[in-house]
Engineer: 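Before we start, here is the structure in question, set down as structure tokens.
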Amino acid sequence: MNTEKDLVIDGPNGKPIVMDIFLANPQDTNKILVFCHGYKGFKDWGPWNVLSDVLMRSGITVVKFNFSFNGGTIEQPVDFPDLEAFGMNNYSKELDDLEIILDFIQNDIRFESRGMSKQIILMGHSRGGGIACLKSANDQRVDMLITLAGVSDFESRFNIGSEEFVNWKTEGIKFILNGRTKQQMPHYFQFYEDFVKNSEKLNIQTAVKSLDKPYLIIHGNSDKAVDIKEAQNLKSWNPSAKLVVIEGADHVFGSRHPWNEDHLSTHLQEATNHILSFIQTHDR
């Protein structure tokens with residue numbers, strides 16, 4: 001087992017991608033899990049390092065990364081020193097980044113020992129779950145999909161027609177307070193314009209309905225950020241998917257940032273047990 005932190009590769013839209021690799025012993029597994037963080041998230045948020053270590057020690061290689069426009073930098077991959085980049089992010093750029101990550105796994109020498117038989121699992125939290133859904137449905141390199149508190153729809157999040165939306169369109173920019181860092185985080189109107197331009201490929205419902213690979217949906221029934229109805233939507237669009245409801249779990253499964261423990265929260269450990277069982281069940 002070997003862990004490499006803060007590796008840098010070129011991103012597809014002019015900014016680098018910073019990633020971590022938790023490399024399991026190749027003789028133990030051919031499984032590689034790619035983790036996509038959510039909105040106002042980053043690869044080192046909360047317990048994601050602990051989770052990655054748990055998965056690695058269970059025989060699963062983990063690749064987690066910062067989306068290139070998430071607001072982090074090479075020098076400071078934690079939090080949001082580059083708010084201008086954050087404001088210029090959009091769903092299309094995140095899909096482009098994920099394509100580069102899959103290309104990296106396909107071609108980098110670190111993964112050659114997994115051979116042609118390597119299994120790639122995409123796992124996303126919150127908004128990252130939506131991105132993982134879109135990519136899984138349209139890339140044959142992906143073998144399994146897991147969403148943690150994943151969103152089922154991007155369009156509804158724009159609140160089209162609301163006073164806030166009208167002001168955003170007029171001003172070209174809006175700001176959202178980050179309650180933890182106290183930063184006013186910008187969102188340029190290009191975010192919505194890109195969505196409209198690419199609305200068909202960014203339709204999660206269409207993607208999930210067409211998904212022809214194993215899919216695990218994990219959601220807490222006390223999630224106030226992404227209602228459990230969204231998990232139920234995902235399940236209804238793909239009846240063969242497995243839906244696991246974590247009783248009492250919130251949007252981050254009892255976690256927080258920073259996470260100074262060497263173990264997972266009770267709810268995230270429960271989710272992890274389901275993740276490991278799911279991957280083992282669909283071994284090939």
Side-chain angles (χ1 to χ4, degrees), residues 31-39 41 67 89-103 105-106 118-161 191-221 223 225-246 249 251 253 271 274-275 277-284:
K31 298 174 183 61
I32 303 167
L33 184 146
V34 178
F35 179 74
C36 304
H37 67 75
Y39 174 61
F67 286 110
N89 196 18
N90 57 51
Y91 300 127
S92 294
K93 286 176 180 172
E94 294 189 353
L95 280 173
D96 291 345
D97 287 345
L98 191 46
E99 174 79 7
I100 293 296
I101 292 293
L102 293 178
D103 290 346
I105 291 170
Q106 190 173 26
K118 57 179 170 275
Q119 287 184 283
I120 294 179
I121 304 116
L122 279 192
M123 182 167 79
H125 175 250
S126 193
R127 169 166 144 180
I131 296 296
C133 286
L134 296 174
K135 191 60 179 168
S136 296
N138 294 289
D139 196 315
Q140 290 307 308
R141 294 174 293 185
V142 179
D143 297 287
M144 303 179 216
L145 169 65
I146 302 169
T147 53
L148 297 173
V151 302
S152 65
D153 174 65
F154 285 148
E155 183 174 13
S156 64
R157 286 166 165 78
F158 290 111
N159 295 318
I160 299 168
F191 189 19
Y192 175 72
E193 291 173 328
D194 178 80
F195 174 79
V196 171
K197 181 180 177 181
N198 298 286
S199 58
E200 288 188 18
K201 79 171 186 177
L202 296 175
N203 188 304
I204 298 171
Q205 178 176 351
T206 300
V208 170
K209 281 185 173 181
S210 69
L211 192 69
D212 60 353
K213 52 200 67 170
Y215 178 20
L216 172 64
I217 305 162
I218 301 178
H219 215 104
N221 64 359
D223 189 336
V226 178
D227 194 274
I228 195 171
K229 291 179 182 177
E230 301 210 37
Q232 294 163 347
N233 287 339
L234 295 168
K235 169 67 175 176
S236 71
W237 299 332
N238 194 313
S240 63
K242 180 178 182 180
L243 172 60
V244 171
V245 177
I246 306 293
H251 188 58
F253 301 90
H274 286 288
I275 290 166
S277 175
F278 173 77
I279 292 173
Q280 183 177 22
T281 299
H282 296 284
D283 189 18
R284 69 162 188 243

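For reference, positions follow the sequence shown, starting with 1.
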Engineer: Using every non-hydrogen atom in the two residues, find where Cys133 and Ala207 come nearest and quote the distance to one decimal.
Structural biologist: O-CB, 3.9 Å

Engineer: State whether the number of non-hydrogen atoms from other residues, nucleotides or ligands found under 6.0 Å of Lys197 atom NZ is greater than 12.
Structural biologist: no

Engineer: Using modelled atom types only, decide if a donor and an acceptor are shared between the side chain of Asn90 and the backbone of Lys93 within a distance under 3.5 Å.
Structural biologist: yes

Engineer: Contact between Val226 and Arg157 at the side-chain level, heavy atoms closer than 4.5 Å - yes or no?
Structural biologist: yes

Engineer: For a side-chain contact (heavy atoms from CB on, under 4.5 Å) check, start with the C-alpha distance between Ile218 and His125, then their side-chain angles and the critical distance, and finish with the verdict.
Structural biologist: CA-CA 10 Å; Ile218 301 178; His125 175 250; over 6 Å; no

Engineer: In the structure I gave you, are the side-chain heavy atoms of Val142 and Leu102 within less than 4.5 Å of one another anywhere?
Structural biologist: yes

Engineer: Could you walk me through whether Met144 and Leu216 pass the side-chain contact (heavy atoms from CB on, under 4.5 Å) test, one step at a time?
Structural biologist: CA-CA 8 Å; Met144 303 179 216; Leu216 172 64; over 6 Å; no

Engineer: Could you measure the distance from the OH atom of Tyr192 to the CD1 atom of Ile160? Nearest 0.5 Å is fine.
Structural biologist: 3.5 Å

Engineer: Rounded to the nearest 0.5 Å, how far apart are CD1 of Ile217 and CG of Leu145?
Structural biologist: 8.0 Å

Engineer: In terms of heavy-atom contacts, does CD of Glu155 have more than 12 from other residues, nucleotides or ligands at under 6.0 Å?
Structural biologist: no

Engineer: Any side-chain heavy atom of Ile121 sitting closer than 4.5 Å to one from Ile275?
Structural biologist: no

Engineer: For the ring pair His274 and Phe278, is the centre-to-centre distance below 6.0 Å?
Structural biologist: no

Engineer: Verify the ring-centre separation between Phe195 and Phe154: is it less than 6.0 angstrom?
Structural biologist: no

Engineer: Can you tell me how far CG of Leu134 sits from CG of Asp139, rounded to the nearest 0.5 angstrom?
Structural biologist: 12.0 Å

Engineer: Mark yes or no for whether Asn198, through its side chain, and Lys201, through its backbone, hold a donor-acceptor pair below 3.5 Å.
Structural biologist: no

Engineer: Using distance alone, with no hydrogens and no angle criterion, decide if Asn89 and Glu94 have a side-chain donor and acceptor under 3.5 Å apart.
Structural biologist: yes

Engineer: Counting only heavy atoms not in Gln280, do more than 12 sit closer than 6.0 Å to its CD atom?
Structural biologist: no

Engineer: Measure the shortest side-chain to side-chain distance between Tyr215 and Ser136 over non-hydrogen atoms and say whether it is less than 4.5 angstrom.
Structural biologist: no

Engineer: Might you point out which heavy atoms bring Ser240 and Lys235 nearest each other, and give the distance in Å?
Structural biologist: C-NZ, 4.5 Å

Engineer: Provide the closest heavy-atom pair for Ile204 versus Asp153 in the form atom of the first, atom of the second, distance.
Structural biologist: CD1-N, 3.7 Å

Engineer: Determine, stepwise, if the pair Thr206 / Glu200 fulfils side-chain contact (heavy atoms from CB on, under 4.5 Å).
Structural biologist: CA-CA 8 Å; Thr206 300; Glu200 288 188 18; over 6 Å; no

Engineer: Between Lys31 and Asp143, is the salt bridge (Lys or Arg N to Asp or Glu O under 4.0 Å) condition met? List the steps.
Structural biologist: CA-CA 10 Å; Lys31 298 174 183 61; Asp143 297 287; over 6 Å; no

Engineer: Going by side chain to side chain donor-acceptor pair (under 3.5 Å), Ser152 matches just one of Lys229, Glu230, Gln232. Which one?
Structural biologist: Glu230

Engineer: So, Gln119 side chain and His282 main chain: donor-acceptor pair closer than 3.5 Å or not?
Structural biologist: yes

Engineer: What I want to find out is whether Asp103 reaches Arg141 closely enough, with some N-O distance under 4.0 Å, to be called a salt bridge.
Structural biologist: yes

Engineer: What is the minimum heavy-atom distance between Asp223 and Ala149, and which atoms define it?
Structural biologist: OD2-CB, 3.5 Å

Engineer: Measuring from atom NE2 of His219 to atom OG1 of Thr147, what distance do you get when rounded to the nearest 0.5 angstrom?
Structural biologist: 8.5 Å

Engineer: For the CG atom of Leu234 and the OG atom of Ser236, what is their distance to the nearest 0.5 Å?
Structural biologist: 7.5 Å

Engineer: Can you tell me how far the NE2 atom of His37 sits from the CZ atom of Phe67, to the nearest 0.5 Å?
Structural biologist: 5.5 Å

Engineer: Looking at every heavy atom in both Ala231 and Leu243, which two are closest together, and how far apart are they?
Structural biologist: CB-CD1, 3.9 Å

